[in-house]
Every structure is written in structure tokens, then in C-alpha cells.
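Here the structure is laid out as C-alpha cells; the discussion comes afterwards.
Note that the structure is a prediction, hence the values are computed from the model and not measured. Below, read A as the first sequence line, B as the second, and so on, with proteins coming before strands; counting in each chain starts at 1.
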Protein chains: 2
Amino acid sequence: MSDLKDKILLVATDLFHTRGINSTGVDTIVAVAGTTKMTLYKYFTSKEQLILEVLQKSQQDFQSWIDEKLNSGSKKPSDKIQKLFDYIEEWVNSPAFIGVGFIKASAEFPNEENPIHQLSSQQSREFRQFIGKLANQADIKDADGLALQLSLLFEGAVQAEQMKRGSGAIKYAKKAAKILIDGAAKASA
Amino acid sequence: MSDLKDKILLVATDLFHTRGINSTGVDTIVAVAGTTKMTLYKYFTSKEQLILEVLQKSQQDFQSWIDEKLNSGSKKPSDKIQKLFDYIEEWVNSPAFIGVGFIKASAEFPNEENPIHQLSSQQSREFRQFIGKLANQADIKDADGLALQLSLLFEGAVQAEQMKRGSGAIKYAKKAAKILIDGAAKASA
DNA sequence: TAAAATGTATACCGTTCTGTATACTATATT
DNA sequence: AATATAGTATACAGAACGGTATACATTTTA
């Protein structure tokens, strides 16, 4: 992949998060990236395509990071789901954290027929299913139900953290998650 | 208050939620409201002012609705906080539900110096404090902590419900809320 | 060395955006 | 009847938007 395409993706990701997607013009993106519109439109057929690729790359990066963390720790399923929010807290508190793409994108593009909304919705669903798989392997009875609850905490905490950095939202989300997981584990015994 | 100002506020509220704030032009608003830009700018000094008033009115309406519900039921504090998510579920499942303004607005205006972001942030904080007051009256020990957790569930569920209507998110949020409330109540005994 | 690919620079097109100026009409109020 | 008030209709200014056309420079490849 070209260096410039990467640079454009990186810059766009940052600008979309700090200024909003609709409020960020392609002129601004190329200016910050140090290139021109001609180059941008060589790699991306449209601004919409650029947005979609930014969303995809962001989610892939996050998912890879989480996967690696989970694989480097305990292999026991019940440990894994317990550790999940510890890793999320670590990720949210890292300086590189700028938010979750699909949460913002679905707010800026509420129309369900919009491709950007559809991708956002799909990413949210996939992350919930990922949690569900962890819950299932940990032999939790209503794994899908717990996964939905944990994803609500996750999305709520990220939202809160974006509204005000250092709000401590993620810390309390983690505590809540542990209570819900323990409750669900007990119910399955 | 003028009929037309009310109508503009109503139409703007609806359009902002269904199409997004930045994606809704004042031309569209006045066209749907059946009036002209001259009239809009007689009542609102700018689009930003209109957005701020829409946010304020939306939150006031919601808060009034919740207050009334809580006052018409049991006066016992521990009942009140237990009932809170029942009312929220009723509200989310009502046909009139279109979302929570401050959640979307803070996503579209991420800059913390922006007045719209500031109002959104304040409204989120006020709602959390409202839950905290209920928790306090119910003699829950870490009332603020529980309030934060419940607000995360609230915001997460509304977010999820907006991504896909009928997702059942609010139902599971309610279950999670009951678990967290019971846990917090026990800890204070 | 010739040609192909990659990127830059810049001007531009058509559209849409917020916001305003101007002139006109209908309705109350005094 | 005279006058203020509320609203309409419409045109337009000035800027920003997404996207394209053209011409040129640089590097890679064959």
C-alpha cells in the first residue's frame, strides 16, 4: 500500500474524530496530510469511500489489539471474559485513544439506507457477537443477553469518555461488567 | 410563544434526528415547516441558536415526562429508582421516540469549545446527577457510582436502539440496571 | 534512453450552505 | 383611516463543499 494512502487514512481518522466527519472537508484532509485532492481521489473514489475505509481500518486495528491481548493472557474462557474490560480500560486510557468510529458515524449518518450507517451498524453487531462468543465459551447461559449488556456498557462508557476525558466512566463500567458477568455465571451453574 | 416558532422547533427536532444536524440545512427546515428563512431568522439569530434551543426543549420535555411519571407512582425512594428504567423503556418504545438529542449532538460537535458540545455535555451531566439524587434518596452508599453506571446503560441502550429499532437493547439494559441497583442497595445495608 | 507511473500545482465547475436585502401582502390595533 | 406587526416571496452575497481538468515535475521500470 502507498505511503500517501496510509497518510491520508491516518489524517482523516484523526480529523473525523476531533472535528466530526461532516465538518471535515477533503480540502482540510489533503492540506493536513501534505498532499493534493488529485492524489486523494486517485486512492478513494469519493469522500464516502474514504469514510468507509477509515471506519474499517479503525475497527480492524482495535479488534487486532484486543485479540492479541486476549491471546497473550490466560487461555481459560472464564478468565478471558473477565479480562475483557481490563483491556478496554487500558485502551481507552491510552493517549492514542480518540474514540470509536462506528458510534460517531452512526450518529452523523442516521439514515438506515446510508452505506456508512450500515457499516457502523454491522461493526457494532460484530463486536457484540465477539463478546457473545467469549461469553459462550465461558459457559454462560444467556450469553447473548450478557453480551448485549456488556456492549451497552462499552458504548456508553466510550460515549461518556468522549464527552469528557478522564470522567472515570470506564472504571465504573468495568465494575458494572464484573457484577453482571458474575451474576450471569452464577445463574448458569 | 408564536405558533411558527414552535413549528420550526418541532420540525427541526425531527429533521435533526432523522437526517443529522449538520446534514439538515435551514432551507429544508423552513420548507418542511411551511415558512421562509426570513421568519426563521426572526426567531433565531443563527442556526446554532436554533440547535441549542432544540436541544434544550427536547431535554426539558423528557425530564418533565420522567418527573411526572415518578411523582404519580410510589413515593418510596427505593421504589422510584427501581421504576426509573421501566419508565425509560416505556419512553423508548413509544412511537414518538426519536432519540436523545445530547448524545447525537456531542458526536456531531466533538470540539469541547463548541457551545453545542458544551450544552450536550452539561445535559448529560445533569441527567446523571438526577439519577444520583434518586440513588441518594434510596440510601445507596456509592450513589454517584451507581448513577454513572446507570447512565452508561441508558446512553448505550439509546445508542443501540437508534442503530437498530426493536433491538431489545432497552430490555436488557433494564435487567442489568436491576442487578446493579440491587447489588448497590445490598452493599449499603 | 524511452516510457510509464506517481505526485504536485492550480484553476475551475456546479452545488449547497448560512445569512441578508428588498419589496409586497394580510391582519390587527389605535 | 392610519399604522404597526407578522409573514411571504424571491433574489442574492459570500463562502465552503465535493469533484474534475489540465499541465507539469519527478521517479521508477523496462
### Message
Between C1' on dT27(D) and CG on D3(A), what's the gap in Å once rounded to a whole number?
### Response
14 Å
### Message
Measure CG/D27(A) against C1'/dT20(D) and give the value in whole Å, please.
### Response
13 Å
### Task
Given side-chain contact (heavy atoms from CB on, under 4.5 Å), test K174(A) with K171(A) step by step and report yes or no.
CA-CA 5 Å; K174(A) 195 173 83 173; K171(A) 200 179 89 187; 5.6 Å; no
### Query
Please give, in whole Å, the distance from dA6(D) P to D6(B) CG?
16 Å
### Query
Taking C-beta and beyond as the side chain, do N71(A) and K80(A) meet within less than 4.5 Å on heavy atoms?
yes
### Summary
The residue, M38(A) or T28(A), whose nearest nucleotide of DNA chain D is more 5′ is T28(A)
### Task
State whether S23(B) places a side-chain N or O below 4.0 Å from either non-bridging phosphate oxygen (OP1 or OP2) of dC17(C).
no
### Of the listed nucleotides dG19(C), dT10(D), dG7(D), the one nearest the side chain of K37(B)
dG19(C)
### Task
Indicate, with yes or no, if the rings of F127(B) and F62(B) have centres closer together than 6.0 Å.
yes
### Query
Taking the side chain as C-beta and beyond, is there a heavy-atom pair between Q149(A) and L153(A) under 4.5 Å?
no
### Query
Could you give the CD1-to-C1' distance, from I8(A) to dT8(C), as a whole number of Å?
13 Å
### Task
Mind listing the residues from residues 39-53 of chain A sitting with a heavy atom below 4.0 Å of DNA chain C? Number order is fine.
T39(A), K42(A), Y43(A)
### Task
Would you tell me whether D182(B) and Q82(B) have side-chain atoms, one donor and one acceptor, within less than 3.5 Å of each other?
yes
## Note on the structure
Rounded to the nearest 0.5 angstrom, the NZ-CD1 distance for K104(A) and I21(A) is 8.5 Å
### Task
Return the value, rounded to whole Å, for the distance between atom CG of N22(B) and atom P of dT18(C).
9 Å
